[in-house]
Amino acid sequence: MKLIRIILFPITPIYFLVTWLRNWLYDVGLKTSKSFDFPVICVGNLSTGGTGKSPMIEYLIRLLKDSKSVATLSRGYKRHTEGFILADDTASAESLGDEPFQFYTKFEGIKVAVDTNRQNGIKMLRTLEDKPEVILLDDAYQHRKVKAGFNILLTAYNQLFCNDIVLPTGNLREPRSGAKRAHAIVVTKCPENLKAEEKENIIKRLRIRDTQQVYFSTIDYSEIVKSLKKELELKSLPRFTLVTGIANAKPMVNYLSSLGLKFDHLEFPDHYSFKSSDVEIFKSKTLILTTEKDYVRLSVNEDLKEKLYYLPIKIILDKEAEFKAMIENFVA
């Protein structure tokens, strides 16, 4: 893959120019963005995944759901449906996509919708009799046809956007200058006890604007693993098989290894659609641990339900009170 990216380097300036020009057309008003008179919060990134958008969406759901009527709107990546879909009792990972289905099964009292056309998705949500008061846009930073009232840009600690270049040689979907649209930037997947000096160094390298706020988050892994009906203590797990289909499994692998746990790792691409041949391999395993996102797809297999568990995660933010107040003030 690295060799292919090097070979494709001559295309990189072309991609840069096209995406920069697209942003410029929106910035000067030659292409139009639709604004809204109610709170719309966008969570996204400049890079091609793996920054922790789903945990951030879940963080915002927990923060707002008790005081506001909340909806999430996603593209529904790799779903087997088209157009606008509002989750109901018939929903599945196939109809919504794995991450929206995860939101739907995890949180009661919120609306979960998917639509590749975010403008249309917002319109459809707001035409509901019980319309949401706040809409959270999942992975919509490059969807410039919608102008969210508040943009949260995520960048991973080990892959800061300031150290990257655009596709196909790099991992950026658009030039680094696109970060100027963010109201808040969150550096995700940081090591615990990140020193203040390093935080200041990162902030300088990000070249933020005076109006932008920067926060740092770490992953908080649960002490228990869960299945549909059972829970087990993570540190007491016997040897198991770790199955991941996410963009970057390294933080999870490193954490499990740091606990001294013994496991084999079967790694698949992000949003991987598990095949029957994969399930046959999994059936031969005694205990399987996976991510919550992968669990919602694998748990439909009856043969795996007794041996399949997932490790819940949350994010912990520095300056959390300040971040919460910022979001709550915007929503108010």
Side-chain angles (χ1 to χ4, degrees), residues 43 49-50 52-58 60-62 65 69-118 120-122 124-125 127-128 130 132 135-140 143 225-231 241-247 249 266-283 285 288-313:
V43 174
K53 293 181 294 294
S54 295
M56 176 55 72
I57 289 288
E58 292 186 358
L60 294 172
I61 293 171
R62 292 188 187 95
K65 68 182 180 66
S69 171
V70 175
T72 67
L73 178 60
S74 311
R75 171 187 173 188
Y77 185 62
K78 285 198 173 182
R79 62 187 170 117
H80 299 165
T81 56
E82 295 181 355
F84 176 81
I85 302 288
L86 180 66
D88 57 21
D89 291 341
T90 66
S92 66
E94 286 70 32
S95 64
L96 297 178
D98 47 20
E99 289 155 338
F101 186 59
Q102 177 180 319
F103 303 151
Y104 178 68
T105 57
K106 196 168 184 176
F107 298 100
E108 294 183 2
I110 71 165
K111 294 177 175 60
V112 176
V114 293
D115 198 334
T116 53
N117 184 334
R118 302 306 208 288
N120 182 68
I122 292 172
M124 295 297 290
L125 282 168
T127 58
L128 298 174
D130 182 22
I135 295 180
L136 306 177
L137 299 180
D138 176 28
D139 196 11
H143 200 91
V225 297
K226 296 183 177 183
S227 69
L228 189 62
K229 297 180 180 179
K230 293 189 291 185
E231 296 182 352
T241 299
L242 176 65
V243 175
T244 60
I246 56 178
L266 299 179
E267 188 171 10
F268 298 87
D270 196 17
H271 297 282
Y272 180 75
S273 297
F274 294 100
K275 304 172 185 175
S276 57
S277 57
D278 301 319
V279 175
E280 287 300 314
I281 295 173
F282 301 156
K283 285 164 62 176
K285 307 300 181 180
I288 298 172
L289 181 64
T290 189
T291 67
E292 195 166 0
K293 183 170 78 169
D294 294 315
Y295 182 85
V296 298
R297 283 176 286 150
L298 287 171
S299 60
V300 298
N301 297 280
E302 291 292 333
D303 295 325
L304 299 181
K305 285 188 175 181
E306 293 300 317
K307 62 181 69 179
L308 184 66
Y309 291 80
Y310 69 90
L311 178 59
I313 65 169

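Computed from heavy atoms alone, side chains included, the values below leave out hydrogens, waters and symmetry copies.
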### Task
Mark yes when over 12 heavy atoms from residues, nucleotides or ligands other than Glu267 sit less than 6.0 Å from its CD; otherwise mark no.
yes
### Query
With a 4.5 Å heavy-atom cut-off, do Thr241 and Phe282 have their side chains touching?
no
### Query
Any donor-acceptor pair under 3.5 Å linking the side chain of Asp98 with the backbone of Lys293?
no
### Task
Given side chain to side chain contact (heavy atoms under 4.5 Å, CB included), test Thr116 with Arg79 step by step and report yes or no.
CA-CA 11 Å; Thr116 53; Arg79 62 187 170 117; 4.2 Å; yes
### Query
Any Lys/Arg nitrogen of Asp270 or Lys78 sitting under 4.0 Å from an Asp/Glu carboxylate oxygen of the other?
no
### Message
Between Glu292 and Lys106, does any NZ, NE, NH1 or NH2 come within less than 4.0 Å of an OD or OE carboxylate oxygen?
### Response
yes
### Test item: Lys111 side-chain N/O and Asp130 main-chain N/O as donor-acceptor pair under 3.5 Å
yes
### Message
To the nearest 0.5 Å, what is the distance between NZ on Lys65 and CD on Glu108?
### Response
8.5 Å
### Query
Counting heavy atoms not belonging to Arg75, are there more than 12 under 6.0 Å from its CZ?
no
### Task
Using atom types as modelled and distance alone, determine if a side-chain donor or acceptor of Tyr295 lies under 3.5 Å from a backbone N or O of Tyr309.
no
### Gap between atom OG1 of Thr244 and atom CG of Leu311 - 0.5 Å precision
12.0 Å
### Query
Under 4.5 Å between any side-chain heavy atoms of Asp278 and Phe268, yes or no?
yes
### Task
Run the numbers on Ile122 and Leu137 for side chain to side chain contact (heavy atoms under 4.5 Å, CB included), then give the verdict.
CA-CA 9 Å; Ile122 292 172; Leu137 299 180; 4.2 Å; yes
## Note on the structure
Shortest non-hydrogen pair, Pro55 vs Ile313, comes out as CG-CD1, 4.0 Å
### Message
Could you tell me if the side chain of Leu136 sits less than 4.5 Å from the side chain of Val43, heavy atoms only?
### Response
no
### Message
I'd like to check Ile57 versus Asp139 (side-chain heavy atoms, cut-off strictly below 4.5 Å). Are they in contact?
### Response
no
### Query
Side chains of Asp294 and Phe274: does their closest heavy-atom pair fall under 4.5 Å?
yes
### Message
Checking Glu58 against Gln102 for the side chain to side chain contact (heavy atoms under 4.5 Å, CB included) test, could you report, in this order, the C-alpha distance in whole Å, the side-chain angles of both residues, the deciding distance, and whether it holds?
### Response
CA-CA 10 Å; Glu58 292 186 358; Gln102 177 180 319; 2.6 Å; yes
### Query
Val243 pairs by side-chain contact (heavy atoms from CB on, under 4.5 Å) with which of Leu289, Thr291, Ile288, Leu304?
Ile288
### Message
Run the side chain to side chain contact (heavy atoms under 4.5 Å, CB included) test on Ser95 and Thr90 for me, step by step, so that the C-alpha distance in whole Å, both residues' side-chain angles and the decisive distance to 0.1 Å come before the verdict.
### Response
CA-CA 9 Å; Ser95 64; Thr90 66; over 6 Å; no
